[in-house]
A.B. asks: 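Here it is, the structure, as structure tokens.
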Amino acid sequence: MKTNLSRAELAIMQVLWQGQALSAREINQALPEKQWQRTTLATMLARLEEKGAVRRQKAAGGNGYLYQSLIDEEEYRQSAANDLLDTLYHGSVRSLAASLAASRHLSEQDIEELRELFKL
């Protein structure tokens with residue numbers, strides 16, 4: 001999967017990944033920190049539809065549309081992580097891990113979870 005999403009598009013997708021088809025109004029209400037204008041949200045939803053990330057269907061009763069995710073959240077995360085790894089770290093997991101360790105304080109719990117994840 002090769003779908004690049006902007007931060008705004010990703011915010012919309014995170015709402016849609018909750019599992020149900022939603023109207024533009026419901027999406028906007030789920031993002032209280034954004035509260036986009038109706039036309040702005042419509043533009044972003046149209047872009048997501050063009051990218052094949054969402055499906056638009058007529059709402060029951062014919063008033064407006066409902067939007068539903070067409071891409072799986074975990075598949076998107078894995079694809080985005082691989083793109084980041086390839087683009088910024090030339091495919092080196094070691095370089096990525098070193099960068100994360102240098103830029104963030106890792107708690108003992110974080111380190112233990114990484115050990116378990118990588119079976120170290």
Side-chain angles (χ1 to χ4, degrees):
M1 168 200 312
K2 189 71 169 172
T3 304
N4 293 321
L5 301 177
S6 69
R7 286 181 186 226
E9 292 168 338
L10 185 56
I12 292 168
M13 292 304 298
Q14 288 170 332
V15 170
L16 293 174
W17 281 327
Q18 300 306 311
Q20 62 188 43
L22 299 171
S23 68
R25 174 181 274 191
E26 291 169 324
I27 293 167
N28 212 17
Q29 288 173 343
L31 298 165
E33 69 281 1
K34 303 282 187 217
Q35 291 301 298
W36 289 303
Q37 295 292 320
R38 185 179 52 82
T39 54
T40 302
L41 183 57
T43 298
M44 287 189 285
L45 287 166
R47 285 185 190 153
L48 286 167
E49 190 175 10
E50 288 171 10
K51 291 179 177 185
V54 300
R55 172 179 50 216
R56 178 180 70 158
Q57 59 192 36
K58 273 282 196 198
N63 277 344
Y65 293 94
L66 297 177
Y67 297 87
Q68 188 170 21
S69 173
L70 292 177
I71 59 176
D72 180 73
E73 182 178 15
E74 188 55 35
E75 286 179 25
Y76 178 78
R77 283 182 182 180
Q78 289 177 3
S79 176
N82 284 330
D83 285 348
L84 175 74
L85 183 64
D86 292 341
T87 302
L88 295 180
Y89 297 97
H90 307 288
S92 171
V93 174
R94 181 182 192 150
S95 294
L96 172 61
S99 180
L100 287 173
S103 66
R104 297 180 183 241
H105 173 73
L106 296 177
S107 69
E108 288 300 319
Q109 182 179 353
D110 291 334
I111 293 168
E112 189 55 42
E113 287 175 6
L114 288 170
R115 281 190 179 118
E116 182 61 31
L117 179 66
F118 291 110
K119 305 287 189 237
L120 300 176

A.B. asks: On a heavy-atom basis, which atom in L45 and which in A24 lie closest, and how many Å separate them?
C.D. replies: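 Distance-wise, the nearest heavy atoms are CD1-CB, 3.9 Å.
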A.B. asks: Counting only heavy atoms not in Q109 (residues, nucleotides, ligands), do more than 12 fall under 6.0 Å from its CD?
C.D. replies: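 No, the 6.0 Å shell around CD holds no more than 12 heavy atoms from other groups.
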A.B. asks: For residues 5-13, tabulate all N or O donor-acceptor pairs below 3.5 Å that involve a side-chain atom, not counting sequence neighbours.
C.D. replies:
| unit_1 | atom_1 | unit_2 | atom_2 | d |
| --- | --- | --- | --- | --- |
| S6 | OG | E9 | N | 3.1 |
| S6 | OG | E9 | OE1 | 3.4 |
| E9 | OE1 | S6 | N | 2.9 |
| E9 | OE1 | K51 | NZ | 2.7 |
| E9 | OE2 | K51 | NZ | 3.3 |

A.B. asks: To the nearest 0.5 Å, how far apart are OH in Y65 and OG in S23?
C.D. replies: 13.5 Å
A.B. asks: Could you pull out the closest heavy-atom pair between Q18 and Q14, with the gap in Å?
C.D. replies: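 Scanning both residues completely, I find the closest heavy atoms to be NE2-O, 3.1 Å.
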A.B. asks: Hey, what do you get for CG (N28) to CE (M44), rounding to the nearest 0.5 Å?
C.D. replies: 8.0 Å
A.B. asks: Could you grab the distance from atom CD of E26 to atom CG of L31, nearest 0.5 Å is fine?
C.D. replies: 12.0 Å
A.B. asks: Quick one: CG on L70 to CG on L16, what's the gap to the nearest 0.5 Å?
C.D. replies: 9.5 Å
A.B. asks: Is a side-chain donor-acceptor pair under 3.5 Å present for N82 with S79?
C.D. replies: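 Per modelled atom types, S79 and N82 side chains form no pair under 3.5 Å.
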A.B. asks: More than 12 non-hydrogen atoms from neighbouring residues, nucleotides or ligands closer than 6.0 Å to CD on Q20, yes or no?
C.D. replies: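 At most 12 heavy atoms, drawn from other residues, nucleotides or ligands, come within 6.0 Å of this atom.
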A.B. asks: To the nearest 0.5 Å, tell me how far L114 CG sits from E116 CD.
C.D. replies: 11.0 Å
A.B. asks: Are there over 12 heavy-atom neighbours, none belonging to Q35, within less than 6.0 Å of that residue's CD?
C.D. replies: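 Counting neighbours around CD of Q35, more than 12 heavy atoms of other residues, nucleotides or ligands fall under 6.0 Å, so yes.
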